[in-house]
2 protein chains.
Amino acid sequence: MTETARPMRRQEIREQNERLILQAAEKVFAEAGFGGATMQLIADMAGLPKANLHYYFTTKEDLYRRVVQEIFEIWLHAADAMDHAEDPAQGIAAYIDAKMEISRQHPHGSKVWASEVMHGAPVIQDYLETTLRDWTEGRVAVINRWIADGRMAPVDPRHLLYMLWATTQHYADFGHQIETLNGGRALTDQQWSDAKQSVKDIVLRGIGAL
Amino acid sequence: MTETARPMRRQEIREQNERLILQAAEKVFAEAGFGGATMQLIADMAGLPKANLHYYFTTKEDLYRRVVQEIFEIWLHAADAMDHAEDPAQGIAAYIDAKMEISRQHPHGSKVWASEVMHGAPVIQDYLETTLRDWTEGRVAVINRWIADGRMAPVDPRHLLYMLWATTQHYADFGHQIETLNGGRALTDQQWSDAKQSVKDIVLRGIGAL
DNA sequence: GTCTATACGACGATAGAC
DNA sequence: GTCTATCGTCGTATAGAC
């Protein structure tokens with residue numbers, strides 16, 4: 001009887017274990033907060049000994065930082081939907097759809113980010129001041145161009161962006177509250193679709209793009 | 001030399017100390033999360049010995065529960081602004097103004113609530129299922145009446161409420177991010193005024209009430 | 001690369017003097 | 001009602017065998 005499965009190389013073992021740990025950490029940090037999370041809990045969920053976590057990430061804060069960075073990267077890519085559009089109706093609708101879908105697919109990451117910012121962004125303050133600030137200024141310019149071209153009403157671009165962030169992320173961060181108000185049941189496919197449509201209807205009409 | 005100040009009675013001492021502790025706890029729980037907060041930190045901020053906290057509130061969780069209940073009560077009263085209005089333009093504008101003002105005056109409480117819900121509402125789940133559910137159904141009925149009377153567009157009342165909660169609370173919960181994007185400075189009176197107006201403009205136009 | 005055992009510190013809670 | 005001293009627990013992190 002020969003061993004058919006190719007043995008994993010060191011690099012593959014490392015990648016697989018880091019992936020396992022990061023997925024477990026995202027869930028535990030989201031559900032318990034940074035202070036409430038324990039390395040033991042994350043290790044159990046990842047199915048690895050606690051000491052291995054320290055081997056791969058050294059400290060609890062290192063591991064946490066990596067989790068926060070991941071959701072941030074995902075959000076940045078959602079802006080692509082907005083950039084490749086000519087008019088606001090299409091661009092903002094696509095951005096809302098993308099952000100709502102992320103809230104559905106990555107609710108844990110969204111919560112970890114929210115928790116981090118609520119506590120004053122002790123770990124990712126530099127990201128706020130560089131990447132996020134640049135990103136925001138770029139989108140503000142896009143929206144201002146749409147306004148200048150008469151394609152939408154003259155609303156303050158920053159407050160519009162805050163409304164988009166707040167509303168889309170609310171479906172992840174306050175998902176438990178929404179579920180409770182939905183009779184204790186998670187939103188169905190149809191209800192998610194309705195949610196996206198409701199948000200797009202109100203916002204697009206609200207900025208005069210419909 | 002006589003003592004002019006009337007000595008406080010036991011009940012007054014208790015009320016004053018509980019108030020000191022609750023204010024300190026709200027701030028510490030908001031900034032550090034439940035797990036990150038320590039009784040020592042709260043005691044130092046309140047200017048009382050740590051043992052006194054346990055005397056008045058027994059456990060850390062008791063103290064936390066009281067903090068969460070307080071912000072919830074404040075939010076419930078904000079709905080009064082909505083109930084005494086005949087048309088949606090006036091009622092929802094008043095609700096937005098009230099909720100925005102609470103975000104400004106009680107950012108810590110808002111964050112504690114957000115954190116509690118994000119972690120699955122382990123302490124106030126019963127409130128979600130009773131008080132909040134009843135409250136929500138009442139407002140849904142009001143909005144549906146406005147729609148039936150042709151005073152606003154036929155939007156889904158629940159998703160409208162979620163957008164109002166998300167957007168208004170965002171200015172408290174993500175206040176640090178907003179401040180960073182504002183050049184590291186807190187919003188001025190004028191900027192708060194602009195924020196309220198922007199939210200009202202987009203939402204009211206969005207639901208066809210303008 | 002994996003895991004057991006443990007050091008070390010911090011926190012919640014309480015006992016008991018005042 | 002107030003406060004000091006302290007107990008027991010738990011969590012992060014590491015040392016060292018395998």
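In the text below, chain A, chain B and the rest are named by the order of the sequence lines, each starting its count at 1. Computed from heavy atoms alone, side chains included, the values below leave out hydrogens, waters and symmetry copies. Since we're looking at a predicted model, the values are computed, not measured.
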Participant: With A:V117, which residues qualify under side-chain contact (heavy atoms from CB on, under 4.5 Å), at least two apart?
Facilitator: A:W113, B:F174, B:Q177

Participant: Can you list everything that forms a side-chain hydrogen bond (donor to acceptor under 3.5 Å, both in side chains) with B:E137? Sequence neighbours excluded, please.
Facilitator: none

Participant: Looking at residues 43-67 of chain A, who's got a heavy atom less than 4.0 Å off DNA chain D?
Facilitator: A:K50, A:A51, A:H54, A:T59, A:K60

Participant: Which residues pass the salt bridge (charged side-chain N to carboxylate O under 4.0 Å, His left out) test with A:R14, not counting sequence neighbours?
Facilitator: A:E18

Participant: What are the residues of residues 13-33 of chain B, sorted by number, that bring a heavy atom to within less than 4.0 Å of DNA chain D?
Facilitator: B:I13, B:R14, B:N17

Participant: Under the rule for salt bridge (charged side-chain N to carboxylate O under 4.0 Å, His left out), what residues qualify as partners of A:K60, not counting sequence neighbours?
Facilitator: none

Participant: What residues, two or more places apart in sequence or in another chain, satisfy ring pair (Phe, Tyr, Trp, His ring centres under 6.0 Å) together with B:F57?
Facilitator: none

Participant: Looking at B:E31 and B:K111, does any basic side-chain N land under 4.0 Å from a carboxylate oxygen?
Facilitator: no

Participant: Shoot me the first and last contacting nucleotide of DNA chain C against chain A, ordered 5' to 3', at under 4.0 angstrom to non-hydrogen atoms.
Facilitator: C:dG1 to C:dT4

Participant: Using side-chain contact (heavy atoms from CB on, under 4.5 Å) as the criterion, list what pairs up with B:A43, not counting sequence neighbours.
Facilitator: B:K50, B:L53

Participant: Filter on salt bridge (Lys or Arg N to Asp or Glu O under 4.0 Å), then keep only pairs touching residues 165-189 of chain B, sequence neighbours left out; what's left?
Facilitator: B:R104-B:D189

Participant: Does anything in residues 122-131 of chain A form a salt bridge (Lys or Arg N to Asp or Glu O under 4.0 Å)? List the pairs, not counting sequence neighbours.
Facilitator: none

Participant: Once salt bridge (charged side-chain N to carboxylate O under 4.0 Å, His left out) is applied, do any residues pair with B:D201, and if so which ones, sequence neighbours excluded?
Facilitator: none

